[in-house]
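Note: hydrogens, waters and symmetry copies are ignored here, and every other heavy atom, side chains too, is used.
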Amino acid sequence: MTQGRHIQLDYEGDALVPSGYLVVDNEVEFLRHALESSPMLIRGSGLCRWAEEFYRGRGEECLRAYSPVESVKSICQALTEEQARLIYQDLRDVLPQLLPTATVEKLLQALYPDGPWHELPSWQHASRWLLWLDEKAPPDHVQPLIRAQTASWRLGIPEELQRLYEPANAAEAEEVLSWWLAIEMAGDAPPPEVRFPMVVPERWRERAAESWSRQIVSVGGTLFSDLYNRVPPELMEVAARATFRYYREHASELTRPMVGKLTPYLLEAEAGEIDRLCPPDLPGDLPAEDGEILQWFTDGYLPYRRWESEHGDTAAQERVQRLARRFIEWCLCFYPSALAGSKGHEHLAIAHSVTLHETRAHWVTLWVILDGLHYADGAYLMHLIDAEPRLSGTIKPVISPLPTITQFCKASVMNGTPASILGDDNPTPQFAGAKLLPSGRDPAEALQDAQLGDILVWSVAEPDRTYHLPNDRVTLANKVRGQLQTLARQVVTAALAVPQALPVRVVISTDHGRLMSTCERVLKIPSGMEAHGRAAWGGTDKRFDISGFLLEDDPGLVFLEAERFRLPADCAIALGQDVFLTADGRKGSEQFPHGGLFPEEVLVPWIEYIRDWRPPKVTSTLKGEAHAGRAGEASLHTSNPSDTVVTVRSISISLPGQTVSVSLDYPLQAMHSEKIPVPLPEWPKQEGWDAARASLDCMLPNGFSFTVQVGIECMSREMYRRKPLF
């Protein structure tokens, strides 16, 4: 049989027409063109059989045209013919180019170019996938393709992650999302470590608000406690507002611990109202020891001061003033000697700076130096960063340089030295390993190329810049929160940008704190000095004794001797809550000023985070069966639900009378489950397995080691001899 002109037979009647081909679909047209030389596509099963016989008799070969519907079905066997036909119709324009190398993923990519098809399974990808499925609601005929794709995603991933890849339609996605977002709080709630990692769309926030507002009527504030740190921050805000409305009607049930939990998630006005409903305990008197004073500040003074500044009466204001005066008198005596290296030196911010410089060789360090961050704002910033499970942090109060204004404090904190030189607002780090980042540059970009021993110093003018805006108290507080939210996102992104093999440390500090009240400009600037906020500096004719300070209740100032306090000039600082007049004598009020010696101006947050210092939730079970006393091989069924690779270095099996250690050095990839072979030179007897204990020695890419307890499901086959009868 010879091959003449190109004749294709379309038995199914759905083949795509090749370029230049004449379509023949009835007997009349076939007889008219049967002997012509142009290529033909003959369509229809009856006509194709007739044509095939006709051309066979003439010795001409016919080619069978492929059916795109059958081709689609061959890619996904679960598709019915009707489903494959509908997919063909959806992709008619692109199918000819797609089919030669088509896969399930490529078909889905062609159908939905915005779908998350190419990413590897992870908590982040699963959240994106479920939201996409819920929003797009693909039609029924696409579901077999989706189920095939999700089945491939489920291969080799941890069991707890597999549940998120079971849905194939919007209804199933909605059910899983409702569980993951804890909207109904029924059955098994998701553990905190798998908190939903993406921003929750508005439609789901509305569902949560409706559901939780209904539930909270029955269960009260316990609902918020159940949700606490289990759902994303934007849903915590939804839950907090519903809880706030409940406590507004049931104030007798409100407690201070609940106020502390709710406050970070409420708007400033709401936080102020709920604070008013449940006043904090009165702070005790100033303790005698410096370490106890720092604890007194965070646990007693600061909560009361925040409440007093919003809702306190005259008695509360007088109590704060007395406590602040006691603190000022203690600080004036403590600070110069601590600065000289005596008792309490370790509580100074500059001492922490020196330690940071000295330990740089072990880390890649991002050092964020903020301007005018008081301790409560620092705690809020830490609350935001804590949402990232790979970062583990601590916060402590430290004593800022004096006086508490940027020109004296920022260079001092940055370089770990007393403020012996009057600096500017943008000092330069003067220590080994320092790399100053431009304030407008994204730190994540710089950290991608960081090397061990680098300290990338990122000096930021916030939140001081926002606090100096001409707004009312509530507006300012909300704007500051917005700045801190942006900063938290940048810090997290930067910390995660460093290559995984390097240990990462993030330090967040500030130059000074600020007063938690509105103050009036009434203080006259002493002759020969210039002033900013609540501090003035320059020449003075005051005579100092050995203490180096001089208290003058009229006009309400304390003068500091430059030499004793290691300052570039003598200073005058407000004793009360007043502010200096401007240089041209203008009066008026200032919100949240600084420069003074109140506890919240002097005691500032020192925050440190370490990346990947919290062991991931690796799970493992040793399984196997072999003859006792012979060599055998068990398998270690191990799951890594984290976002980082975990090296399983070895397994240690404690048996009665002995411990068996097997080196493995197996890299367990992120979001994967594996069966790791464990060869044993001598398989234990069953009673040995019954009493056995096992653990894994694991390591993260940054060198951090941790131990995982292993379940044991091993059996022994043993040879038994029958006792002789005689």
Side-chain angles (χ1 to χ4, degrees), residues 324 328 332 370-374 400-413 418-427 439 459-473 476 479-480 510-544 548-563 565-598 600-602 604:
I328 291 170
L332 291 172
L370 299 178
D371 197 325
L373 182 81
H374 64 64
S400 74
L402 302 181
T404 53
I405 58 174
T406 300
Q407 294 96 315
F408 285 86
C409 295
K410 182 161 282 191
S412 178
V413 169
S420 56
I421 300 175
L422 189 62
D424 57 24
D425 293 353
N426 298 294
S439 59
S459 181
V460 183
E462 295 291 351
D464 190 74
R465 179 188 294 161
T466 299
Y467 271 118
H468 285 302
L469 294 176
N471 285 300
D472 62 85
R473 183 184 182 88
L476 274 180
K479 284 182 177 292
V480 167
T510 187
D511 50 1
H512 57 77
R514 57 193 333 114
L515 204 63
M516 301 181 75
S517 56
T518 302
C519 305
E520 298 298 321
R521 297 193 195 99
V522 296
L523 296 173
K524 294 181 179 180
I525 302 174
S527 177
M529 291 188 170
E530 56 181 303
H532 175 79
R534 291 161 45 76
W537 61 94
T540 178
D541 56 1
K542 302 292 182 181
R543 301 187 65 178
F544 299 95
F549 64 88
L550 181 63
L551 292 167
E552 293 189 358
D553 288 313
D554 185 14
L557 297 175
V558 56
F559 289 86
L560 307 185
E561 182 186 34
E563 183 178 358
F565 284 82
R566 301 183 67 178
L567 299 170
D570 294 338
C571 292
I573 300 176
L575 280 173
Q577 300 189 55
D578 300 322
V579 181
F580 283 104
L581 300 171
T582 62
D584 57 2
R586 284 187 294 111
K587 297 183 178 182
S589 61
E590 282 192 26
Q591 305 271 18
F592 309 105
H594 58 89
L597 294 168
F598 264 54
E600 64 265 35
E601 294 175 281
V602 173
V604 294

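Pairing each heavy atom of Cys571 with each of Met529, the nearest pair is C-CE, 4.1 Å. Here the shortest heavy-atom pairing between Thr404 and Gly596 reads OG1-O, 2.9 Å. Of all non-hydrogen atoms in Thr582 and Ile525, the two that sit nearest each other are O-CD1, 4.0 Å. Contact detail for Phe559 and Ala572: the closest heavy-atom pair is CE2-CB, 3.6 Å. Closest heavy-atom contact between Ala536 and Phe580: N-CE1, 3.8 Å. In this structure, Pro403 and Gly595 approach most closely via the heavy-atom pair CB-O, 4.0 Å.
Atom CG in Leu332 sits 8.0 Å away from atom CG in Leu402 (nearest 0.5 Å). Atoms NZ and OG1, on Lys410 and Thr406 in that order, are 5.5 Å from each other to the nearest 0.5 Å. Atom CG of Leu575 and atom CG of Leu597 lie 7.5 Å apart (nearest 0.5 Å). Distance check: His532 NE2 to Gln407 CD gives 6.0 Å after rounding to the nearest 0.5 Å.
Two residues are said to be in side-chain contact when any heavy atoms from C-beta on lie closer than 4.5 Å; Phe408 and Pro568 meet this criterion. Residues Asn471 and Gln591 have side chains not in contact (no heavy-atom distance under 4.5 Å, counting atoms from C-beta outward). A 4.5 Å side-chain heavy-atom check between Pro463 and Leu373 finds at least one atom pair inside the cut-off. Asp570 has its side chain out of reach of Lys542: every pair of non-hydrogen atoms, C-beta onward, lies at least 4.5 Å apart. Looking at heavy atoms from C-beta onward, Val413 lies in side-chain contact with Pro401 at the 4.5 angstrom threshold. Counting heavy atoms from C-beta outward, Leu557 and Pro526 have side chains that approach closer than 4.5 Å.
Every residue two or more places apart in sequence or in another chain that forms a ring-ring contact (aromatic ring centres under 6.0 Å, His included) with His512 is listed here: His594. Contacts of Phe592 classified as ring-ring contact (aromatic ring centres under 6.0 Å, His included), with partners at least two apart in sequence or in another chain: Tyr467. Residues passing the side chain to side chain contact (heavy atoms under 4.5 Å, CB included) test with Arg543, sequence neighbours excluded: none. Shown here are the side chain to side chain contact (heavy atoms under 4.5 Å, CB included) partners of Ser517, two or more places apart in sequence or in another chain: Arg305, Leu515, Cys519, Gln577. Judged as a side chain to side chain contact (heavy atoms under 4.5 Å, CB included), and not counting sequence neighbours, Asp541 has no contacts.
A donor-acceptor contact shorter than 3.5 Å links the side chain of Thr510 to the backbone of Leu370. Arg534 places a side-chain N or O within 3.5 Å of a backbone atom of Asp578 that can act as its donor or acceptor partner.
Among pairs with a residue in residues 516-527, those fulfilling salt bridge (charged side-chain N to carboxylate O under 4.0 Å, His left out) read Arg521-Glu590, at least two apart in sequence or across chains.
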Between Asp464 and Arg514, is the side chain to side chain contact (heavy atoms under 4.5 Å, CB included) condition met? List the steps. CA-CA 9 Å; Asp464 190 74; Arg514 57 193 333 114; 3.0 Å; yes
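Between Arg465 and Asp371, no side-chain nitrogen of the basic residue sits less than 4.0 Å from a carboxylate oxygen of the acidic one, so the salt-bridge criterion is not met.
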